[in-house]
Amino acid sequence: MLSKIKTIETLFSKGIIKVDLEYLKVNRFRQFEDNTCINFNHPLTVLVGKNGSGKSTFLKLIKSISKGRNPDYYFFETEWDKFNDKGISEFQYKIEGKEFKESKTHHFGWVFSPFQKDLHSNKVIKAYVEQPEIKTYGKIVDIEFKSLIGSFEKNIFFDNQTTKTDLKSKADYAKRVTKKVQQSIETTNSGKKATILSISKKNISIVNKILDKMYDEIKIIKHRFFNGTWGTSIIFRSGEQYSEANSGSGEFIVAHVVERLSSIPNNSLLLLDEPELSLHPGAQKRLLEYFLDLIINKKIQIILSTHSPSFVELVPNDCVKNFVINANNKVVVEQGVNYLNAFNNLETSYDSPIIIVEDSLAKKIFEKIIENERLSGQFNVCYFSGGASSIKTTLITTASKIDDDNRFFILDGDMYKCDVTDLSEVAEITKTTEYLEREINRITGIRIKNFTFNVDGGVNGSNESQKIELYTKYINFYKDKVLFIPKSIPEDIIYNRDYLTIIFPSVDLELVDSFSDSKNKFKNISEQLNIPVETLYDVFITDFIVNCGTNDSYKVMYEHLKKILALSKNIQ
């Protein structure tokens, strides 16, 4: 899947694949926060969020921009609907390089016009609607997966074509109808009451891959024998032959969708509403791969809505549009966030990477950076009170032994000794126990006898091969998963003398400056002002976060977090 995504991004960067719809902005409409805007900066867009968060509403807005369509077709109010839209609802968009808007007026309904058109009064609007601009964009293809049901399910659960409502009567009716359908196909086959289509071998192969099946033949029958209304039946053959009446709804949906999309025109804008319906997670991922193939082969833009973690887990951040309901009960759309933001929104559990730091201040600083970068819930930051030496000799030793892929260490900058050697570039004959022990001493500053490797072979541990294995694991773990803050201690990161003079002008600066390290500076400020040190830390951390854009230490620490996500969750 990742290779297909890279192919799409390459084709997109070269202009071979284009996005017709570049943005859509909503103002004063339904549950959306004013000026909610989605930028479509990737050929694949995944709208993700909880039920009722506006994903399907957004798709309907996009559907309504097609020629011959109007938002009134999708957004009407019955006697039971009471919305609190304030003023004139409006949405704006850019399609094929041109900008348009659609405004819901009090007297003329929804009015489509070029973006720059000034419709400031009823008189102007009235004159405009007599000779309005006409929509010309006609490349939208949309599929609502919840509408895809077979004729048998339609008969059993929705139609009332028999005088009896019990399931047995409906089942008997269905059996009789299939005889009529088959007879119609075998005789006249005029298409007035039934048509049959055999799916191509290529499309059967696609269906088999998505569903992990081995169908030999699939036929789609469209007929109007159930109460005179058109319905769709599908016959599957894989050793045995059976219809959708005896298959899962997921099989029906996938076969139907693959056949329909096989003829989608090139350069279309494809809208998919909840494509995960009736599919297990593995099939959902393979269906997404099929959509990626469509983007590559048909050069189309796809926008889909979903509740499924499987549709967001492996896609780039640019694809994910996270629909979140804020404290004001309004929908805001987070863009450029990773899939873990979506997981949090969907209340999907996952193992957060554990970050161990040396002290509570480092923990507090990292947690504020995490919050500021909208990464809340994606890390579990803990501090270990035993000191850096104990972390190096005990915790890192244990984590490296068990190949703990979810545990990382960020130590104070004064614990950094030197860069770690890449053992993959060292000849095997060179990697003796003596060499590896020297390397561990060099990177940690601690002699090997202080470590708890617990090698077999008695008190002195004489198992040389086991020593080499454990030492190698330690060094490799240290290289990848032990990081350092950009200054000696956390206090150095947040201390800002200029800010101190502004926020606490009564402080004796000469006295503060007489202390060489920032930890003692904070202690002295605390004594002068009679303010707890922890409170001072909070004040200076706030300044640190506010000025994150120009603070090199902030950038380094944020890069550490991104590296941890890349290693633990494959988030780039």
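Only a predicted model underlies this, so the values are computations on that prediction, with no experimental measurement involved.
With respect to R286 and D212, no salt bridge is recorded, no charged nitrogen being found less than 4.0 Å from a carboxylate O. With respect to the salt-bridge test (charged N to carboxylate O, under 4.0 angstrom), the residues K4 and E289 qualify. At a threshold of 4.0 Å, the pair E313-K285 counts as salt-bridged, since one of the basic side-chain nitrogens sits closer than that to a carboxylate oxygen. A salt bridge between R447 and E437 is absent, with no side-chain N of the basic residue lying under 4.0 Å from a carboxylate O of the acidic one. Salt bridge K563/E559: absent, no basic N to carboxylate O contact under 4.0 Å. With respect to the salt-bridge test (charged N to carboxylate O, under 4.0 angstrom), the residues K487 and D414 do not qualify. Ion pair K55/E274 not flagged as a salt bridge, since none of the NZ, NE, NH1 or NH2 atoms sits closer than 4.0 Å to an Asp/Glu carboxylate oxygen. Between K479 and D419, none of the side-chain N atoms (NZ, or NE/NH1/NH2) sits under 4.0 Å from a carboxylate O, so this pair counts as no salt bridge. Using a 4.0 Å cut-off between charged side-chain N and carboxylate O, K467 and E464 make a salt bridge.
More than 12 heavy-atom neighbours from other residues, nucleotides or ligands sit within 6.0 angstrom of NZ on K555. Within 6.0 Å of the CD1 atom in I402, the count of heavy atoms belonging to other residues, nucleotides or ligands exceeds 12. Environment of NZ in K431: crowded, with over 12 heavy atoms of neighbouring residues, nucleotides or ligands closer than 6.0 Å. The 12-atom threshold is not exceeded at CG of N329, counting heavy atoms of other residues, nucleotides or ligands nearer than 6.0 Å. In the displayed structure, E434 atom CD is contacted under 6.0 Å by more than 12 heavy atoms of other residues, nucleotides or ligands. In K299, the NZ atom is crowded: over 12 heavy atoms of neighbouring residues, nucleotides or ligands sit closer than 6.0 Å. Residue-environment remark: NZ (K473) exceeds the threshold of 12 foreign heavy atoms within 6.0 Å. Atom OH of Y215 has more than 12 heavy atoms from other residues, nucleotides or ligands within 6.0 Å.
Side-chain contact annotation: E276 with T306, donor-acceptor N/O pair under 3.5 Å present. If you check the side chains of E373 and Y554, you find a donor sitting under 3.5 Å from an acceptor. A donor-acceptor contact closer than 3.5 angstrom links the side chains of D273 and S56. In this model, a donor atom of one side chain and an acceptor atom of the other lie less than 3.5 Å apart for D517 and N520. No side-chain N or O of S568 forms a donor-acceptor pair with one of N406 less than 3.5 Å apart. With no hydrogens or angles considered, no side-chain donor-acceptor pair links S526 and N524 at under 3.5 Å. Side chain to side chain, S352 and Q378 fail the donor-acceptor criterion of an N or O pair below 3.5 Å. Between the side chains of Y471 and E439, not a single donor N or O lies within less than 3.5 Å of an accepting N or O. Under the 3.5 Å distance criterion, with hydrogens and angles disregarded, a donor-acceptor pair is assigned to the side chains of N344 and Y350.
Note that CG of L536 and CD1 of I531 are 5.5 Å apart. Values are rounded to the nearest 0.5 Å. Between the CG atom in L277 and the CD atom in E144 there is a gap of 10.5 Å [rounded to 0.5 Å]. Taken from CD1 in I494 to CG in D543, the straight-line distance is 9.5 Å, to the nearest 0.5 Å. Remark: N380 CG to E367 CD distance equals 8.5 Å, nearest 0.5 Å. Distance check, rounded to the nearest 0.5 Å: NZ of K298 to CD1 of I300 gives 8.5 Å. Atom CD1 of I38 sits about 5.0 Å away from atom CG of L47, to the nearest 0.5 Å.
Put simply, the side chain of T7 gets close to the backbone of S3: a donor and an acceptor are under 3.5 Å apart. Side-chain atoms of T542 come within 3.5 Å of backbone N or O of D538 as a donor-acceptor pair. A donor-acceptor distance shorter than 3.5 angstrom exists from the side chain of T36 to the backbone of E33, with no hydrogens or angles considered. In this structure, Q284 contributes its side chain and S310 its backbone to no donor-acceptor pair below 3.5 Å. Between the side chain of N345 and the main chain of N341, no donor-acceptor pair closer than 3.5 Å is present. Using a distance-only test at 3.5 Å, with no hydrogens or angles considered, a donor-acceptor pair links the side chain of K321 to the main chain of N39. The backbone N or O of D20 sits less than 3.5 Å from a side-chain atom of Q301, completing a donor-acceptor pair. The main-chain N or O of M214 is found under 3.5 Å from a side-chain atom of S238 such that the two form a donor-acceptor pair. Of the possible polar contacts, none joining the T421 side chain to the L423 backbone as a donor-acceptor pair under 3.5 Å is found. When atom types are taken as modelled, the side chain of S514 and the backbone of L511 share a donor-acceptor pair closer than 3.5 angstrom.
Between V19 and E22, the shortest heavy-atom contact is O-CG, 4.0 Å.
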Y474 vs F453, ring-ring contact (aromatic ring centres under 6.0 Å, His included): CA-CA, chis, key distance, verdict
CA-CA 10 Å; Y474 185 94; F453 284 108; 5.8 Å; yes
Side chain to side chain contact (heavy atoms under 4.5 Å, CB included) between F145 and V257, worked out
CA-CA 9 Å; F145 281 67; V257 168; 3.6 Å; yes
For F544 and N551: C-alpha separation, side-chain torsions, deciding distance, then whether side chain to side chain contact (heavy atoms under 4.5 Å, CB included) applies.
CA-CA 8 Å; F544 172 73; N551 193 303; 3.5 Å; yes
Let's go through E491 and Y537 carefully: what are the C-alpha distance in whole Å and the side-chain angles of both, what is the deciding distance for side chain to side chain contact (heavy atoms under 4.5 Å, CB included) to 0.1 Å, and is it a yes or a no?
CA-CA 8 Å; E491 286 84 357; Y537 286 163; 2.9 Å; yes
Set out, in order, the CA-CA distance, both residues' side-chain angles and the distance that settles side-chain hydrogen bond (donor to acceptor under 3.5 Å, both in side chains) for S53 and N51, then state yes or no.
CA-CA 6 Å; S53 60; N51 298 97; over 6 Å; no
Criterion side chain to side chain contact (heavy atoms under 4.5 Å, CB included) on I303 and L272, from CA distance to verdict:
CA-CA 6 Å; I303 302 172; L272 304 169; over 6 Å; no
Kindly determine whether D492 and S518 satisfy side-chain hydrogen bond (donor to acceptor under 3.5 Å, both in side chains), including the steps that lead there.
CA-CA 6 Å; D492 290 344; S518 54; 2.3 Å; yes
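Classification of the Y495-F540 ring pair by plane angle, with boundaries at 30° and 60°, yields parallel.
With a 6.0 Å cutoff to the six-membered ring centre and a 45° limit on the axis angle, K14 does not count as a cation-pi contact of F12.
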